Each structure stands twice: as structure tokens, then as C-alpha cells.
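Each chain gets a letter, A, B and so on, in the order its sequence line appears, and its residues count up from 1. As the structure is a computational prediction, the values presented were derived from the model and not from experiment.
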Protein chains: 2
Amino acid sequence: MATIYQVSELAGVSLATVSRVMNNNARVSEATRNKVLAAMEQLGYRPNSIAQSLASNRSNSVGILVSELHGPFYGEMLSGIENECRAAGKHVIIAAGHSEEASEKDGIEFLISRSCDALILHVEAVSDDYLIKLASGNMPIVLINRFIPRLANNCISLDNELGGYLATKQLLQQGHTQLAYMAGPMWKSDAKDRYHGHLRAMAEHGLSFNPALLAEGDFQDSSGSACMQQLLAKGLPFSALVCANDEMAAGAMEVARAHGLNVPQDLSIVGFDNLILARYIYPKLTTIDYPIGEMGRMAARWVLKNIYQQQALQLKNVFEPVLVCRDSASAIAAG
Amino acid sequence: MATIYQVSELAGVSLATVSRVMNNNARVSEATRNKVLAAMEQLGYRPNSIAQSLASNRSNSVGILVSELHGPFYGEMLSGIENECRAAGKHVIIAAGHSEEASEKDGIEFLISRSCDALILHVEAVSDDYLIKLASGNMPIVLINRFIPRLANNCISLDNELGGYLATKQLLQQGHTQLAYMAGPMWKSDAKDRYHGHLRAMAEHGLSFNPALLAEGDFQDSSGSACMQQLLAKGLPFSALVCANDEMAAGAMEVARAHGLNVPQDLSIVGFDNLILARYIYPKLTTIDYPIGEMGRMAARWVLKNIYQQQALQLKNVFEPVLVCRDSASAIAAG
DNA sequence: TAGTATGATGTAAGCGCTTTCATTTATAGC
DNA sequence: GCTATAAATGAAAGCGCTTACATCATACTA
């Protein structure tokens with residue numbers, strides 16, 4: 001690979017001048033600029049971005065930490081971020097945190113040591129305090145899907161409570177009165193918030209929540225199946241089920257079908273996230289849309305605006321989920 | 001951030017010695033090593049990997065180019081690669097090529113300029129020649145899901161032809177004789193190979209292929225729906241449909257259902273890829289398993305073995321797909 | 001006991017770029 | 001034509017590391 005030095009020699013100018021035309025951050029005469037560009041062209045010169053980063057202490061790359069690289073949810077998010085960054089000439093470096101504290105911290109350290117200019121984090125296991133401390137350092141961070149009051153400006157989050165509320169309200173409005181709730185792992189704030197939304201809707205309709213109709217899963221479809229088994233085993237009647245995410249809803253639906261229950265005639269089900277699979281399962285899942293791709297894009301914009309000085313961008317910190325009506329929930333049968 | 005210099009000062013040794021304990025590639029006395037480790041600990045030292053890369057001309061990171069960041073297929077693949085690399089202390093830098101030649105080349109250039117030690121590429125738009133030329137340079141590359149004879153050693157591929165054959169054969173063995181085929185975009189080699197497998201199975205069973213029962217889609221579910229419409233519109237009878245991938249199968253299934261066809265009673269459908277969605281759609285999709293996660297892992301191992309000298313690893317270049325029987329294909333109804 | 005491996009550590013020259021500061025050259029004002 | 005000012009360029013010092021190579025101490029050999 002040609003280096004800046006060879007370019008400068010060929011063009012008959014100094015290193016500094018070549019650097020100037022690359023970065024166009026200082027005046028260079030038109031004639032010199034052309035000489036340099038020609039030399040670059042001729043040598044097939046490509047700047048070594050590692051060296052640029054070391055020298056400038058800026059890497060033009062933003063670090064992203066997600067829980068997993070697979071799964072529809074993170075894929076959408078990554079894609080949103082990458083698109084936006086790429087369009088602005090910034091690059092992404094990705095690490096996975098696997099929802100484990102040690103691994104998340106390790107990933108963050110890695111991204112920092114990689115000289116990222118900013119970090120976009122989707123972390124779950126790490127504490128608020130840790131993040132607050134991190135944010136007070138000199139690495140800018142933006143948090144996706146997490147809300148920490150003291151870091152409100154750095155958070156791009158969804159109103160999960162509202163989502164839980166909307167999901168439940170839909171069922172209530174369809175006449176259901178006996179609802180079961182399948183929660184996500186309660187140590188995750190989104191799982192908790194969604195559950196609280198559910199409770200609020202119930203209360204608003206004057207219904208008391210029956211703890212026996214609550215099951216706690218882990219957001220995976222297998223746990224949706226397991227929870228459904230549990231719920232059914234209790235023998236308590238319920239005509240509707242609110243699931244804290246789509247995957248558990250899919251697992252639950254399968255078990256329901258195996259038990260001879262028709263969805264939605266015998267049991268209405270509402271999910272949460274509006275993953276791609278919600279359109280594939282049968283019947284198509286009524287769910288709450290989580291605009292994660294859009295939120296990823298917004299996080300990227302946050303970075304572009306705050307770190308790369310693209311002032312014009314409009315930011316939005318909290319997104320509101322909306323209900324997507326499909327076929328898995330219907331009005332309760334007469335009687 | 002503390003630098004190696006401060007560590008060396010605190011420990012009372014030279015820069016070189018600190019570097020030696022970090023890399024453990026030279027003997028350092030136990031006493032010195034401990035002093036250095038203690039100093040690192042005390043300062044919370046983390047090596048600056050940019051500087052390491054620049055100095056050593058190795059980055060301990062492998063570049064990955066995928067077509068898209070979202071979608072179940074690439075997610076699995078990325079996840080497989082990341083897991084394997086992470087376990088070996090290597091990191092991944094990801095770029096998306098969007099199946100466009102310019103974009104793929106650009107991504108490759110980016111990864112090269114980032115001083116990756118090797119590249120794992122899932123490219124579709126770029127020519128064989130380009131890749132052969134690239135491989136002859138000094139950046140090691142491994143290709144996933146693509147087979148180029150002259151680069152056979154660098155290819156981790158699936159026997160797509162066999163997959164197409166197996167899918168078709170299953171249907172044939174179930175007694176079907178009138179099969180339709182829904183292909184992927186024929187300019188993609190995997191789409192072509194799968195189709196050829198189909199033809200081979202047909203020929204083997206003495207059946208001639210009816211071109212009117214061929215539809216070419218683009219691997220997306222919407223095109224699966226569109227192709228199914230086309231096929232149905234022709235009014236030609238067929239009792240089974242082989243789809244070049246699961247997503248088109250899902251789209252096709254929906255349209256079939258809308259036309260009052262029961263799957264599999266009226267129409268058997270076989271997909272390809274065994275994406276996660278194959279288990280979610282109803283009826284569950286009979287399909288060909290594409291072990292993409294495993295192949296990603298293998299690509300990572302290729303790099304570990306060939307670039308990072310982990311000799312012990314066992315490599316495998318071509319994977320064989322297997323049939324996964326679920327509920328969307330059944331023996332043809334009597335008569 | 002001198003002579004020689006051998007192990008442990010230090011010295012210093014880069015890696016390819018950015019950026020400050022100094023210097024040269026062009027432009028304008030009078 | 002001569003100075004004051006601005007514009008264009010060059011020189012050189014890093015950025016935080018790695019890695020020959022040199023040096024020094026120690027342990028063996030004969």
C-alpha cells in the first residue's frame with residue numbers, strides 16, 4: 001500500500017500538504033491540490049485509517065454494543081445504525097454483550113480501546129451507576145432502549161409502559177375481562193415497564209389483577225411455551241393473554257393450539273415488538289410496534305449531531321409504541 | 001487513559017518490558033512481570049489497540065462483509081463468526097455490502113484500510129475475477145456461500161445443488177409428479193445451483209420439467225407471494241411447490257391459503273434455508289437446513305488456523321445440506 | 001577462573017498519519 | 001518600491017505502541 005510519503009514525493013510537496021488535501025481542513029492552492037490528487041490516483045493511494053486514528057485521536061467510527069448479533073430485533077437495530085452512519089461516511093464497530101455484565105463491560109472497554117468517537121449501547125446487565133460514571137468520562141455514549149433520568153439526553157427509548165398499557169387496553173376494549181399476563185424477566189426494565197402498563201390498564205377498567213394469571217418467562221419462544229403450559233395447568237379461566245414480546249407469544253400460541261384452543265376464537269393473544277415473525281405466524285399476531293430500526297437510526301443521528309457537528313439534525317428521545325391489529329385478538333365471543 | 005509509558009514509570013521498568021508482559025512473547029522474570037501487572041492494575045491500564053495495530057501491523061481483528069445486517073440469515077452467520085473470534089480474543093469489524101458491486105468493493109476497501117488481519121466475505125455482486133485478484137494480494141480472504149474453483153481452499157460453501165435435489169426428491173418420493181419451482185434471482189449462483197438440483201432430481205425420476213411451472217423471484221417473501229399468484233394464474237395443475245428459500249415459501253403459503261388451498265393437503269411446499277421463521281409459520285415448513293451459523297464459525301476457524309497459527313483446528317470447506325421434515329409437505333392424496 | 005552461552009532488560013527507531021509553528025510567497029496599500 | 005498582511009507550504013514533533021538490536025548480569029563449561 002502506498003503511503004502518504006510516496007504521494008508527497010510524487011507530487012513534489014510535503015507530507016503536511018498531502019494531509020491537508022485529504023482532510024480539506026486548510027487552504028491549499030488549486031494547482032497543488034490537483035497535483036496531489038493526481039499522485040494519489042496514480043498510486044492508488046488509500047489512507048491508512050489506523051494511522052489516521054492514532055494521530056488524530058478520532059477514528060470516524062462509532063462503536064455499537066448489542067446483546068446479540070442474531071435475532072430479528074438486533075438485526076433491525078444494527079441495520080438502522082449502519083445505514084445512517086454509512087451515509088455520513090462514518091463506520092461502525094460492533095461487539096456483542098450477551099446480556100452479561102462482565103461481557104458488556106468487556107465489550108465497552110474494547111470499543112473504547114478501539115478509539116471509537118462515540119458509543120451506541122444496548123446494554124441490559126450493567127448498572128445505571130456504571131453508565132452514569134461512564135458517561136461522565138470523555139467517551140460520549142448514547143443508550144438505546146433504556147431510560148436513565150440523569151442521562152435523559154443520551155437515551156433513545158421506547159415508552160414501554162405505554163406499550164403494555166395499549167396491548168392490554170385493546171383486549172379490554174374487545175370485551176375481555178379475564179386476562180393472563182406473560183412477563184419478560186423482571187430484572188429487565190423493559191419487562192417491568194410493560195408489566196406496569198398492563199396493571200395500569202387493568203386498574204383503569206376497574207379490574208383487579210389475579211397474580212395466579214401471571215407467568216414470568218425469559219423473552220424466548222421456548223419460555224413462552226413453558227409459561228403457557230403453566231398457565232393452562234392451573235385450570236383458571238382466561239380468554240385473553242398479553243405477552244411481553246412476540247417470541248413468547250409465538251411459543252404460547254403453539255401450546256394453545258396443541259391444547260385444542262383456537263386463536264383468537266377461544267383465546268386472544270397480543271404480543272409486543274412487531275418482529276418480522278409476527279407477520280409470519282398464523283394467525284398473524286396483533287402486537288405493539290417497536291420501531292427499533294428507526295430508533296437505531298435516531299441514535300446514529302444523535303452521534304452525527306453531537307459528535308460530528310451535523311447541527312441541522314432533529315432529534316427525538318422517546319418513541320411511542322403503537323398497536324398493530326392483526327388476527328390474533330378478537331372481540332370475546334358472546335356469552 | 002493511562003499509556004504504556006506511565007505503566008513503565010510506575011513499575012520502574014522500560015516500555016519494552018511492559019510491552020513484553022502484555023504480549024507475552026518474550027521471557028520476563030516473574031518478579032518484573034508482577035511489578036508490571038500491579039502497575040497496570042493500579043492505573044487501570046488498557047492497551048490502545050489502534051496504536052498496537054499501527055506498530056505491529058496486525059490488528060487482531062477480522063473484517064466481515066455481509067450483504068445486510070438484518071435478516072435471520074446474516075444474523076446467524078455474524079453471530080457464529082463473532083462467537084468463535086471472541087473466544088480466541090479476536091475482534092470483528094463489520095460492513096454491509098447491500099448486494100451492490102460498488103458498495104461491496106467499498107466495504108472491502110474500508111476493511112482493508114482498517115488493517116484487518118483477514119477478511120470474511122459474503123459477497124454476491126462482485127465478480128470471480130475481482131475476488132481472485134483480491135486473493136492474490138496480501139490480504140487473506142475467506143469466502144462464505146460462494147465457490148470459486150481457483151480459490152477452493154478459501155471457500156466455505158454449501159452444496160446448493162444437492163439441497164435443491166434433496167428438496168425435490170422428497171416431494172417426488174411422496175408421490176408428487178406435478179411440481180412447480182420458485183427460483184431465486186438466477187444471477188446469484190446459489191439460486192442457480194438450487195435450481196439445477198431440482199432439475200437433476202426431476203430427470204432422475206424420469207419427469208420432464210415444465211417451464212411454465214417455473215417462476216423467478218428475488219428471495220423476498222413478497223416476491224414469493226407474487227410468484228405464487230403468477231403460478232396460480234396459469235391454471236396449470238401442480239400438487240407441490242419447491243421454493244428456493246424459506247421466505248418466498250412463506251409468501252407463497254399465504255397466497256395459497258388465500259386461494260383456499262390447504263397446505264399440505266392440497267399443496268405441498270418445501271423451502272430452503274431453515275430460517276427461524278420456518279418453525280413459526282403454520283404449518284411448520286419442511287425445508288433444507290442451511291447451517292449458516294456453523295459455516296460462519298468455520299470461516300472464523302479458517303482465519304484462526306491460517307492467520308493466527310492455531311494449527312490444531314480442523315477445517316471443512318463444503319457443507320452438505322440436509323432435509324428437515326416438518327408439516328408443509330405430505331404424501332399426495334390418493335387419486 | 002577465564003570464556004561463553006543464556007536470560008532479562010533497556011534503547012531507540014519506526015508504524016503512517018495529524019497538527020502546531022515557523023517560513024516562504026503572493027497580495028495589497030500607500 | 002517598500003512594508004504590512006494574508007495565504008500557502010514545509011519542518012518536525014508527536015500519537016501509543018512493537019521490535020530489532022545492544023547491553024548487562026548470571027550461570028555454565030572446561
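- Summarising the geometry, the separation between CE on M22(A) and C1' on dT18(C) is reported as 9 Å, rounded to the nearest angstrom.
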Kindly give the atom pairs (protein nitrogen or oxygen, nucleotide nitrogen or oxygen) under 3.5 Å for nucleotides 23-28 of chain C.
none

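- When the C1' atom of dC15(C) is taken as reference, atom CG of N48(B) falls 13 Å away, rounded to whole Å.
- The stretch residues 50-59 of chain A comes close to DNA chain D through L54(A), A55(A), each having a heavy atom under 4.0 Å from the strand.
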* To do: Take I112(A) and L134(A), measure what side-chain contact (heavy atoms from CB on, under 4.5 Å) needs, and give me the verdict at the end.
  => CA-CA 11 Å; I112(A) 292 178; L134(A) 180 63; 4.1 Å; yes
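- For the contact set between residues 8-19 of chain B and DNA chain D, defined by any heavy atom under 4.0 Å, the members are A16(B), S19(B).
- As rounded to whole Å, 16 Å separates atom C1' of dG16(C) from atom CZ of R46(A).
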Pairs under 3.5 angstrom only: tabulate donor-acceptor contacts from the side chains of residues 294-304 of chain B to other protein residues two or more places apart or in another chain.
unit_1	atom_1	unit_2	atom_2	d
E294(B)	OE1	R297(B)	NH1	3.1
R301(B)	NE	E84(B)	OE2	3.0
W302(B)	NE1	N153(B)	O	3.0

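- In this structure, the ring pair (Phe, Tyr, Trp, His ring centres under 6.0 Å) partners of H91(A), at least two apart in sequence or on a different chain, are F110(B).
- We find that D106(A) and R46(B) are joined by a salt bridge, their nearest charged nitrogen and carboxylate oxygen being less than 4.0 Å apart.
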Got a list of side-chain donor-acceptor pairs under 3.5 Å for residues 30-37 of chain B, not counting sequence neighbours?
unit_1	atom_1	unit_2	atom_2	d
T32(B)	OG1	S29(B)	OG	2.6
N34(B)	ND2	E30(B)	O	3.3

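- The base of dG10(C) sits within donor-acceptor range of the side chain of R20(B), with an N or O pair under 3.5 Å.
- Note on Y45(B): a side-chain N or O is less than 4.0 Å away from OP1 or OP2 of dC17(D).
- Contacts of E101(B) classified as side chain to side chain contact (heavy atoms under 4.5 Å, CB included), with partners at least two apart in sequence or in another chain: K105(B), A125(B), V126(B).
- The two residues N317(B) and C155(B) make their nearest non-hydrogen contact at OD1-O, 2.8 Å.
- Regarding Y5(B), its OH atom lies at a distance of 13 Å from the P atom of dA12(C), rounded to whole Å.
- Using a 4.5 Å heavy-atom cutoff, the side chains of H98(A) and N83(B) are in contact.
- Legend: residues meeting side chain to side chain donor-acceptor pair (under 3.5 Å) with N57(B), ordered by chain and number and at least two apart, are absent.
- In the helix from dT1(C)-dA30(D) to dC30(C)-dG1(D), the end axes, each obtained as the rotation axis mapping the C1' atoms of four pairs onto the next four within a five-pair block, lie 40° apart to the nearest 10 degrees.
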Detail all sub-3.5 Å separations between protein N/O atoms and N/O atoms belonging to nucleotides 4-8 of chain C.
unit_1	atom_1	unit_2	atom_2	d
dA8(C)	OP2	R27(B)	NE	2.9

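- Remark: N23(A) is in phosphate contact with dT18(C), judged by side-chain N or O atoms under 4.0 Å from OP1 or OP2.
- Residues F219(B) and K188(B) have side chains in contact (heavy-atom distance under 4.5 Å, counting atoms from C-beta outward).
- The shortest non-hydrogen separation linking F147(B) to A152(B) is CE1-CB, 3.9 Å.
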Anything under 3.5 Å between a donor and an acceptor, one on a side chain of residues 14-21 of chain B, the other on a protein residue two or more places apart or in another chain? List them.
unit_1	atom_1	unit_2	atom_2	d
S14(B)	OG	A16(B)	N	3.4
S14(B)	OG	T17(B)	N	3.4
S14(B)	OG	T17(B)	OG1	3.3
S19(B)	OG	N23(B)	ND2	3.3

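- A ring-ring contact (aromatic ring centres under 6.0 Å, His included) check over residues 39-88 of chain B, counting only residues at least two apart or in different chains, returns the pairs F73(B)-Y290(B), Y74(B)-H122(B).
- At whole-Å resolution of the value, CG in N24(A) and P in dT18(C) are 12 Å apart.
- In this structure, CD1 on I144(B) lies 10.0 Å from OG on S157(B), to the nearest 0.5 angstrom.
- Judged by the 6.0 Å and 45° rule, K90(A) forms a cation-pi pair with Y308(A).
- Listed for the S79(A) side chain is no donor-acceptor partner under 3.5 Å among the backbone atoms of E76(A).
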